[in-house]
Amino acid sequence: MVLWALLFAAPEARAQHLELTGFGGMQWGGSTDLASGGSGSFDWGPSYGGSAYWRVRDDGLFGVIYSQEQSRFNASIPQPDGSLLPVSTDVIVGVIHAGGEVEISPSKKLTPILGLSVGTTYFQPTSGGGDTNWFFSAAVTGGGKYRITDHFGLRAQMRLIVTVLDGNSSFVCVSAGGATCAVSADLDALFMGDLVAGLYVEF
């Protein structure tokens, strides 16, 4: 709440700017229990995306961020004989969020940043069948920006993403002698994150 109060307090006397960023890096996945028993988890994978932020005060921005990771979901499904059958499928994991950021020292070349955002995470299987499914998610971001000029610089950040899986919905399908959908056993929190860096332009 403190972060949101800072962002939407009375703006400082500074012209508003649009900040666009393109970034790439790595995303790590989380794990969840399956309705059929056993568990599943996502591999690390390359991540890329971008953001568009509008400066609403000297040290605060508000906007949207999109990222996408090509990952693999690995599951272990219990069999009648008590063994676990390993199955996997390729999945695109996308995150679409809106939120705000606070710059700790906006007047300096090296500026720490802290952000909060909410939105949705989607899982799109690219092998093994299954539909794209969407779930509510939220994230906290920490990192820094290095200003090269007044309109151009570098950004690096780490983000923790919490996705709420609905126990009544399948979120990815895997092949186990047929179409077997991996379903979260209960209302479950899937913890994921990314570490990315890129270039930003502000105008």
Side-chain angles (χ1 to χ4, degrees), residues 1-32 42 44-69 71 93-123 134-165 187-203:
M1 295 302 295
V2 174
L3 178 64
W4 293 101
L6 286 172
L7 280 176
F8 294 105
E12 305 291 340
R14 172 175 169 168
Q16 294 178 326
H17 295 283
L18 178 65
E19 182 181 297
L20 302 178
T21 302
F23 56 77
M26 295 293 293
Q27 179 169 311
W28 61 93
S31 60
T32 185
F42 290 89
W44 284 69
S47 176
Y48 61 90
S51 63
Y53 281 103
W54 185 259
R55 184 170 296 279
V56 294
R57 50 177 289 136
D58 267 3
D59 60 353
L61 303 100
F62 185 84
V64 294
I65 181 171
Y66 171 78
S67 66
Q68 178 176 297
E69 177 209 12
S71 184
V93 182
V95 180
I96 305 171
H97 276 191
E101 288 187 348
V102 167
E103 298 173 336
I104 308 302
S105 303
S107 62
K108 297 181 179 180
K109 278 189 170 294
L110 182 60
T111 303
I113 57 174
L114 179 65
L116 292 174
S117 62
V118 296
T120 185
T121 299
Y122 69 85
F123 301 94
W134 303 72
F135 301 93
F136 171 80
S137 61
V140 58
T141 302
K145 293 159 58 175
Y146 181 78
R147 190 176 74 251
I148 298 173
T149 72
D150 287 342
H151 301 284
F152 177 76
L154 306 175
R155 168 193 281 261
Q157 67 184 43
M158 179 181 290
R159 183 172 54 157
L160 175 64
I161 306 163
V162 182
T163 300
V164 180
L165 299 177
L187 191 66
D188 195 13
L190 178 67
F191 292 89
M192 313 180 81
D194 58 19
L195 178 62
V196 298
L199 304 174
Y200 74 86
V201 178
E202 187 173 6
F203 54 90

Undergrad: Say you draw a straight line from CG of Leu61 to CG of Leu18; how long is it, rounded to the nearest 0.5 Å?
TA: 9.5 Å
Undergrad: Side-chain atoms of residues 140-149: list all donor-acceptor pairs with protein atoms under 3.5 Å, sequence neighbours left out, distances to 0.1 Å.
TA:
from, atom 1, to, atom 2, distance (Å)
Lys145, NZ, Glu19, OE1, 2.7
Lys145, NZ, Glu19, OE2, 3.4
Lys145, NZ, Glu103, OE2, 2.5
Arg147, NH1, Lys108, O, 3.0
Thr149, OG1, His151, N, 3.2
Thr149, OG1, Phe152, N, 3.2

Undergrad: How many angstroms lie between CD in Glu101 and CZ in Arg55, if you round to the nearest 0.5 Å?
TA: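 Here the rounded value is 9.5 Å.
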Undergrad: List in chain and number order the residues that pass side-chain contact (heavy atoms from CB on, under 4.5 Å) with Ala197, two or more places apart in sequence or in another chain; answer none if no residue qualifies.
TA: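 Applying side-chain contact (heavy atoms from CB on, under 4.5 Å) to Ala197 gives Ala156.
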Undergrad: Between Glu202 and Tyr200, is there a side-chain donor-acceptor contact under 3.5 Å, judged purely by atom types and distance?
TA: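 No, no side-chain donor-acceptor pair sits under 3.5 Å.
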Undergrad: Quick one: side-chain hydrogen bond (donor to acceptor under 3.5 Å, both in side chains) partners of Tyr53, sequence neighbours excluded?
TA: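 In terms of side-chain hydrogen bond (donor to acceptor under 3.5 Å, both in side chains), with neighbours along the sequence ignored, Tyr53 is linked to no residue.
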Undergrad: List the atom of Gly193, the atom of Gln27, and the distance in Å for their closest heavy-atom pair.
TA: O-CG, 3.0 Å
Undergrad: State the OG-CE distance between Ser47 and Met192, to the nearest 0.5 angstrom.
TA: 9.5 Å
Undergrad: Could you check whether any side-chain heavy atom of Leu154 comes within less than 4.5 Å of a side-chain heavy atom of Leu199, counting everything from C-beta outward?
TA: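 Side chain of Leu154 against side chain of Leu199, heavy atoms only: contact under 4.5 Å found.
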Undergrad: What closest approach, in Å, do Gly45 and Glu69 show between heavy atoms, and which atom pair accounts for it?
TA: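 Minimum heavy-atom separation between Gly45 and Glu69: N-OE2, 3.1 Å.
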Undergrad: For Arg155 and Gln157, which I'm curious about, is there any donor-acceptor pair between the side chains at under 3.5 Å?
TA: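 The answer is yes; a qualifying pair exists.
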Undergrad: Holding to side-chain contact (heavy atoms from CB on, under 4.5 Å), I want the full list of residues that pass it with Thr121, two or more places apart in sequence or in another chain.
TA: Val93, Val95, Phe123, Ser137, Ile161, Thr163
Undergrad: Kindly write out the residues that satisfy side-chain contact (heavy atoms from CB on, under 4.5 Å) with Phe23, not counting sequence neighbours, or none if the list is empty.
TA: Thr21, Ile65, Ser67, Val196
Undergrad: With Tyr122, which residues qualify under ring pair (Phe, Tyr, Trp, His ring centres under 6.0 Å), at least two apart?
TA: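 Ring pair (Phe, Tyr, Trp, His ring centres under 6.0 Å) check on Tyr122 returns Trp134.
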Undergrad: Please name the pair of heavy atoms, one in Thr120 and one in Phe135, separated by the smallest distance, quoted to 0.1 Å.
TA: OG1-O, 3.0 Å
Undergrad: If I take atom CG from residue Leu165 and atom CZ from residue Phe136, how far apart are they, to the nearest 0.5 angstrom?
TA: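 Going from the CG atom of Leu165 to the CZ atom of Phe136 covers 12.5 Å.
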Undergrad: Taking all non-hydrogen atoms of both residues into account, name the closest pair between Val56 and Phe62 and its distance.
TA: CG1-CB, 4.3 Å
Undergrad: Taking all non-hydrogen atoms of both residues, which atom of Ala189 and which atom of Val162 are closest, and how far apart?
TA: CB-CG1, 4.0 Å
Undergrad: Is there side-chain contact between Val201 and Phe203, with at least one heavy-atom pair below 4.5 Å?
TA: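 Heavy-atom side-chain distance check passes, below 4.5 Å.
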Undergrad: Just verifying a value: how many Å separate Met26 CE and Leu195 CG, rounded to the nearest 0.5 Å?
TA: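 If we round to the nearest 0.5 Å, Met26:CE and Leu195:CG are 9.5 Å apart.
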